[in-house]
Visitor: 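Sending over a structure as C-alpha cells; questions will come in a sec.
None of the values given here were measured: they were computed from a predicted structure. Because only heavy atoms are used, hydrogens play no part in the values below, and waters and symmetry mates are left out as well, while side chains stay in.
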Amino acid sequence: VLKGTYKANIAIKGILKKFGYVLIIVAAAGVDIALYYQTGVSEPVFYVSNTLAVWFTINDFISIMLNLERLGVKMPKFLQDYLQKINKDK
C-alpha cells in the first residue's frame with residue numbers, strides 16, 4: 001500500500017492469521033473449561049484463553065504502531081524508542 005499498490009495475497013494472509021487467532025483462543029477456552037471440570041472450582045475462569053487474547057491484541061497493536069510509523073505518522077518519543085528497539089531486534 002505504501003507504493004500505491006494493493007497486494008491481495010498479503011490481505012488474505014492477514015485475514016487467515018486473525019482466523020487462526022480465533023481458533024487458538026477457542027481451543028484455549030476448551031482447555032479452560034476442561035480445567036474447570038477437573039478442578040471442581042465453583043465457576044469457570046478463562047485464564048488460558050484470556051491470556052492468549054491479550055497477547056494477540058498486544059501483538060496486533062505493536063504491528064499497527066510499526067505500520068503507522070512506516071507511513072510517517074508522528075509517534076511520541078517513548079513509542080519511537082520502543083519501535084526502533086523492536087525493529088533492531090528483528
Visitor: When rounded to the nearest 0.5 angstrom, what distance separates CD1 in Ile24 from CZ in Phe56?
Guide: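 Going from CD1 on Ile24 over to CZ on Phe56, the span is 4.5 Å.
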Visitor: Name all residues meeting the salt bridge (Lys or Arg N to Asp or Glu O under 4.0 Å) criterion together with Lys17; count only those two or more places apart in sequence or in a different chain, and write none if there are none.
Guide: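 Counting only residues at least two positions away or on another chain, Lys17 forms no salt bridge (Lys or Arg N to Asp or Glu O under 4.0 Å).
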Visitor: At what distance, to the nearest 0.5 angstrom, does CG of Asn9 lie from CG of Leu16?
Guide: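 The CG atom of Leu16 is 11.0 Å from CG of Asn9, to the nearest 0.5 Å.
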Visitor: Working note: Tyr36 + Val45, criterion side chain to side chain contact (heavy atoms under 4.5 Å, CB included); need CA distance, chi angles, decisive distance, verdict.
Guide: CA-CA 7 Å; Tyr36 160 69; Val45 181; over 6 Å; no
Visitor: So, the side chain of Thr57 versus the backbone of Ala53: is there a donor-acceptor pair under 3.5 Å, distance only?
Guide: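 Judged by distance alone, yes, a pair lies under 3.5 Å.
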Visitor: Are any non-hydrogen side-chain atoms of Asn59 and Tyr21 less than 4.5 angstrom apart?
Guide: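 The answer is yes, as the side chains (C-beta and beyond) meet within the 4.5 Å cut-off.
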Visitor: Just to verify, what does Lys13 make a salt bridge (Lys or Arg N to Asp or Glu O under 4.0 Å) with, not counting sequence neighbours?
Guide: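 Result, salt bridge (Lys or Arg N to Asp or Glu O under 4.0 Å) vs Lys13: none returned.
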Visitor: Do Met65 and Val54 belong to the same hydrophobic cluster, where Ile, Leu, Val, Met, Phe, Trp and Tyr are linked whenever their side-chain heavy atoms lie under 4.5 Å apart, directly or via other members?
Guide: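 Hydrophobic grouping puts Met65 with Val54.
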Visitor: Do Thr51 and Trp55 pass the side chain to side chain contact (heavy atoms under 4.5 Å, CB included) test, and can you show the C-alpha distance, the side-chain angles, and the key distance before you say yes or no?
Guide: CA-CA 6 Å; Thr51 301; Trp55 176 262; 5.6 Å; no
Visitor: Quick check on the hydrophobic clustering: are Leu79 and Ile86 connected, directly or via other members, by side-chain heavy-atom contacts under 4.5 Å?
Guide: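 Yes, Leu79 and Ile86 fall within the same hydrophobic cluster.
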Visitor: Hydrophobic clusters here meaning ILVMFWY residues chained together by side-chain heavy-atom distances under 4.5 Å, can you tell me if Val73 and Ile64 are in one?
Guide: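 In one cluster with Val73: Ile64, yes.
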Visitor: I'd like to know if Lys85 and Asp81 make a salt bridge, using a cut-off of under 4.0 Å between side-chain N and carboxylate O.
Guide: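 Salt bridge: no.
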Visitor: Among residues at least two apart in sequence or on other chains, which ones pass ring-ring contact (aromatic ring centres under 6.0 Å, His included) with Phe46?
Guide: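 In terms of ring-ring contact (aromatic ring centres under 6.0 Å, His included), with neighbours along the sequence ignored, Phe46 is linked to no residue.
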Visitor: I need the Ile25 CD1 to Asp32 CG distance, nearest 0.5 Å.
Guide: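 So the CD1 of Ile25 and the CG of Asp32 are separated by 11.0 Å.
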Visitor: Side-chain heavy atoms nearer than 4.5 Å, only ILVMFWY residues, links allowed to pass through others: does that put Met75 and Ile62 together?
Guide: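 Linked within one cluster.
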Visitor: According to a 4.5 Å side-chain heavy-atom criterion applied to Ile, Leu, Val, Met, Phe, Trp and Tyr, with indirect links allowed, do Leu83 and Leu68 form part of one hydrophobic cluster?
Guide: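 Yes, Leu83 connects to Leu68 through the hydrophobic network.
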